[in-house]
Amino acid sequence: MPLDLQQELNPEQYIAASTINGPLLIIAGAGSGKTRMIIFRIAHMLEQGIPQSSIIALTFTNKAAREMTARVRELTGKRLSNLTLSTFHAFGVQVLRSHIQHLGFKKNFSIYDQSDKISLLKEVARELNITADQVDFYETANIFSAIKTGRSGWTREIESLKPMYQEYQEHLQVYNAVDFDDLIMLPIKLLEEHPEVLEYYHSRFRYIMVDEFQDTSLAQYRMMKLLSAESRNICVVGDDDQSIYSWRGANYLNIVQFERDFPERIEIKLEQNYRSTRHILDAANGLISHNENRKTKKLWTGIEGGKALELYYPEDELREADFITEMIKTLVMREKYRYHDFGILVRTNSLTAVLENGLLAENIPYRVSGGQSFFQRKEIKDVIAYLKVIANPDDDMNLLRVINTPRRGIGKTTLQKIRSIAEEKKYSLYSTISALRWATDAPITAKAKENLEEFIGLVEYYRERILTGKKMAETTRSLINRIDYWAHLLQEHSTNDKVARWKYKNVGTFIDLFERWENDPDNLDPNIYTYLNRISLITRDDDDQDEKGKVNLMTIHASKGLEFEIVFLAGVEAHLIPHARSVEEDPNNLEEERRLFYVAITRAKQKLYMTSCLTRRVMREITESGPSPFLQEIPAELIEIHQPEEDLDPEEVADMFAAMKSKMGK
DNA sequence: CACTACACATGCACG
DNA sequence: ATGTGTAGTG
């Protein structure tokens with residue numbers, strides 16, 4: 001049955017979905033049916049006879065990519081093995097897998113995440129005799145990222161970090177490892193410096209789409225521009241008002257740049273909102289109109305009426321949690337809402353703990369997104385580190401992680417000696433150790449040498465088996481037994497074997513996941529490299545078990561793209577939103593903070609409750625808290641304000657104090 | 001020389 | 001709560 005685009009879409013969506021040639025800029029407001037339009041656009045292209053292999057659609061998260069693939073498959077009923085629908089980073093990995101040898105890396109390269117990166121920086125600092133109190137590694141990592149992606153250059157104040165940067169880059173090369181920024185920058189390098197690579201991608205991808213365009217970085221923009229240089233069939237979809245990732249390099253000015261680079265573009269605005277009531281939308285419009293750097297647009301909705309927004313002033317964060325849980329219970333009971341109809345949004349992750357406690361105390365089922373991802377857990381990272389060393393023995397960071405996990409009698413002194421040899425010869429640790437086996441004058445004790453040989457033997461034995469690509473999960477299980485990881489956990493948590501058991505269970509779950517992936521018939525290329533690349537790209541918001549029947553607790557950032565019948569926005573306070581640190585860093589961030597508030601409001605379909613605490617405990621200290629200045633930018637008639645109770649007599653204060661104390665005690 | 005226990009500081013806004 | 005650095009032990 002052919003698609004009837006005109007029937008399925010509104011007039012603007014229809015033009016957006018049916019215009020497939022030439023550059024196209026789509027400004028899609030919150031809740032305007034953007035994803036649906038994209039799905040139909042892809043389906044329409046396929047129906048027009050464009051081969052799957054010519055289409056590439058780039059998204060921001062794996063989750064979005066997965067959902068879109070599923071929906072296109074559903075709509076077209078086609079198998080989509082040749083359609084490229086992935087994140088920029090996953091596409092980058094794909095490019096590197098095929099062409100990285102041009103850049104002096106081997107195909108079995110490791111991908112370093114933020115924590116690997118920081119370990120490497122520490123290692124580099126050690127070698128340059130820089131101590132931890134001289135540099136902030138976290139900050140340095142961010143500076144290096146900005147340098148690498150071309151967001152900033154070497155200014156005088158950071159010039160002293162230059163040797164460290166060079167050393168960092170050299171180490172990556174020796175370890176045959178790339179960091180997250182390299183996943184974008186190295187493909188750009190390949191496209192720019194190797195004409196045959198550029199030609200290959202030009203002839204392959206004739207139709208390019210980019211979703212969440214407002215969140216693309218300068219580097220990603222360059223990549224996408226390179227890809228579309230020849231065909232000029234480039235469609236970008238975004239909303240400048242929802243650009244909230246500038247700290248990760250996102251630059252909504254790419255929208256302006258696009259208009260310059262593609263003057264022949266067609267521009268379409270999707271302004272009908274299908275999500276929220278008038279009240280909510282008017283509040284959002286009122287707020288965002290205070291931003292100066294934006295494309296003018298006016299969202300409208302056909303959903304009339306609705307209720308006013310409500311603002312409460314709880315005494316402190318414990319009362320805030322009480323208020324929210326009470327309200328949820330009441331609404332579930334009286335108005336037959338389900339738990340999954342509620343979203344509780346916060347500006348920072350640290351605010352979730354108290355709210356979580358409140359939900360727990362009231363037996364309200366909930367799920368938190370964010371926090372540590374499964375793959376970031378220590379015990380999982382240990383197993384992954386073994387696999388990474390097996391896949392790429394030159395990967396020093398992961399080798400250092402596993403060489404003494406569990407303890408095998410290879411201590412500081414021995415390692416220090418090997419490190420200095422490795423550094424001198426510009427070898428990886430693994431090759432240094434391997435070479436040491438034959439050396440008669442090795443400057444290490446016989447015992448240490450024996451231990452090292454045993455370790456190398458272990459890696460080699462498992463490497464051989466894993467690289468066959470058969471029964472990899474089973475082999476991993478055997479490895480975990482062989483090193484007696486269970487004993488290691490027990491010893492590490494000698495006071496609390498519950499923790500040890502829990503962690504061991506996680507390891508089991510990880511291997512089961514690996515096994516399922518390995519045996520998936522849709523998986524065309526089950527080998528250790530593709531698996532490691534895949535899990536390196538998984539981020540925290542990617543768990544797709546969208547559990548029904550649970551209240552959703554998350555940061556505003558994590559809520560982008562989601563919607564809830566009822567939204568609670570907690571901590572609507574002066575130093576939290578706009579976040580003090582953000583504005584302090586750069587006053588221009590104020591507009592981004594406002595966009596963040598805008599995103600929060602527009603998640604709500606029917607009702608928005610906001611809470612602003614009078615006092616809040618931040619790291620031991622109780623601080624006074626004022627309401628967020630953004631509240632005044634929402635038209636007053638849209639908000640119902642519940643003033644705090646004032647002039648408490650001393651007795652009441654004492655009672656409150658006691659109540660607070662007893663709460664904190666549990 | 002490896003390993004343990006203990007003191008001590010940090011907690012890194014958002015992925 | 002967590003990691004990191006250090007002094008003491010076998």
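Worth saying up front: this structure is predicted, and the values here are computed from it rather than measured.
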| query | Where the side chain of Thr414(A) is defined as all heavy atoms beyond and including C-beta, which of dC12(B), dC1(B), dG15(B) is the nearest nucleotide? | reply |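 Nucleotide nearest to Thr414(A)'s side chain: dC1(B).
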| said: If you only use heavy atoms from C-beta on, which nucleotide in dC14(B), dG3(C), dC1(B) is closest to the side chain of Thr348(A)? | reply: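 From the listed options, dC14(B) comes nearest.
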Please report the distance, rounded to the nearest Å, between [atom1] in [X] and [atom2] in [N].
{"X": "Gln491(A)", "N": "dC3(B)", "atom1": "CD", "atom2": "P", "value": "9 Å"}
{"X": "Asp586(A)", "N": "dC14(B)", "atom1": "CG", "atom2": "P", "value": "19 Å"}
{"X": "His579(A)", "N": "dC12(B)", "atom1": "NE2", "atom2": "C1'", "value": "11 Å"}
{"X": "Leu345(A)", "N": "dG15(B)", "atom1": "CG", "atom2": "C1'", "value": "16 Å"}
{"X": "Leu121(A)", "N": "dC12(B)", "atom1": "CG", "atom2": "C1'", "value": "15 Å"}
{"X": "Ile556(A)", "N": "dG15(B)", "atom1": "CD1", "atom2": "P", "value": "11 Å"}
{"X": "Arg603(A)", "N": "dC14(B)", "atom1": "CZ", "atom2": "C1'", "value": "15 Å"}
{"X": "Gln114(A)", "N": "dC12(B)", "atom1": "CD", "atom2": "C1'", "value": "11 Å"}

Protein-nucleotides 4-8 of chain C N/O pairs under 3.5 Å:
| residue | atom | partner | partner atom | Å |
| --- | --- | --- | --- | --- |
| dT4(C) | OP1 | Lys122(A) | NZ | 3.0 |

With sugar-phosphate meaning primed atoms plus P, OP1 and OP2, does [X] contact a base, only sugar-phosphate, or nothing at under 4.0 Å between heavy atoms?
{"X": "Ser582(A)", "value": "base"}
{"X": "Gln416(A)", "value": "nothing"}
{"X": "Lys560(A)", "value": "nothing"}

It should be established whether [X] places a side-chain nitrogen or oxygen under 4.0 Å from OP1 or OP2 of nucleotide [N].
{"X": "Arg407(A)", "N": "dT4(B)", "answer": "yes"}
{"X": "Asn404(A)", "N": "dC3(B)", "answer": "yes"}
{"X": "Thr61(A)", "N": "dG15(B)", "answer": "no"}
{"X": "Asn349(A)", "N": "dG15(B)", "answer": "yes"}
{"X": "Gln376(A)", "N": "dG15(B)", "answer": "no"}

| said: Under the rule for ring-ring contact (aromatic ring centres under 6.0 Å, His included), what residues qualify as partners of His488(A), not counting sequence neighbours? | reply: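 For His488(A) the ring-ring contact (aromatic ring centres under 6.0 Å, His included) partners, ignoring immediate neighbours, are Tyr485(A).
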| request: Please list all pairs passing the salt bridge (Lys or Arg N to Asp or Glu O under 4.0 Å) test where one or both residues lie in residues 590-599 of chain A, with sequence neighbours left out. | output: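 The answer is Arg347(A)-Glu593(A), Glu592(A)-Arg595(A), Arg594(A)-Glu633(A).
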| field | Earlier contact from the 5' end, DNA chain B, for Thr555(A) and Gly411(A) | value |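 Upstream on the strand: Gly411(A).
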| Between Ala448(A) and His557(A), who's closer to the 5' end of DNA chain B by nearest nucleotide? |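 Closer to the 5' end of DNA chain B: Ala448(A).
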| field | Close side-chain approach of Leu614(A) to Ser625(A), heavy-atom, < 4.5 Å | value |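 No, every pair of side-chain atoms sits at 4.5 Å or beyond.
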| Below 4.5 Å, heavy atoms only, C-beta onward: do Met185(A) and Ile188(A) meet side chain to side chain? |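 The answer is yes; the side chains approach within 4.5 Å.
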| Of all residues at least two apart in sequence or in a different chain, which pass the side chain to side chain contact (heavy atoms under 4.5 Å, CB included) check with Leu576(A)? |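 Testing Leu576(A) for side chain to side chain contact (heavy atoms under 4.5 Å, CB included), a comparison that skips the adjacent residues, returns Leu351(A), Glu573(A), Arg616(A).
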| message | Tell me every residue that passes side chain to side chain donor-acceptor pair (under 3.5 Å) with Gln632(A), counting only those two or more places apart in sequence or in another chain. | response |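 Checked Gln632(A) against side chain to side chain donor-acceptor pair (under 3.5 Å); zero matches.
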| Who passes salt bridge (Lys or Arg N to Asp or Glu O under 4.0 Å) against Lys560(A), sequence neighbours left out? |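 So Lys560(A) forms a salt bridge (Lys or Arg N to Asp or Glu O under 4.0 Å) with Glu212(A), Asp215(A).
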| With the threshold set at 4.0 Å, does a side-chain nitrogen-carboxylate oxygen contact exist between Glu563(A) and Arg603(A)? |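 Here Glu563(A) does not pair with Arg603(A) in a salt bridge, since their nearest N and O are not under 4.0 Å apart.
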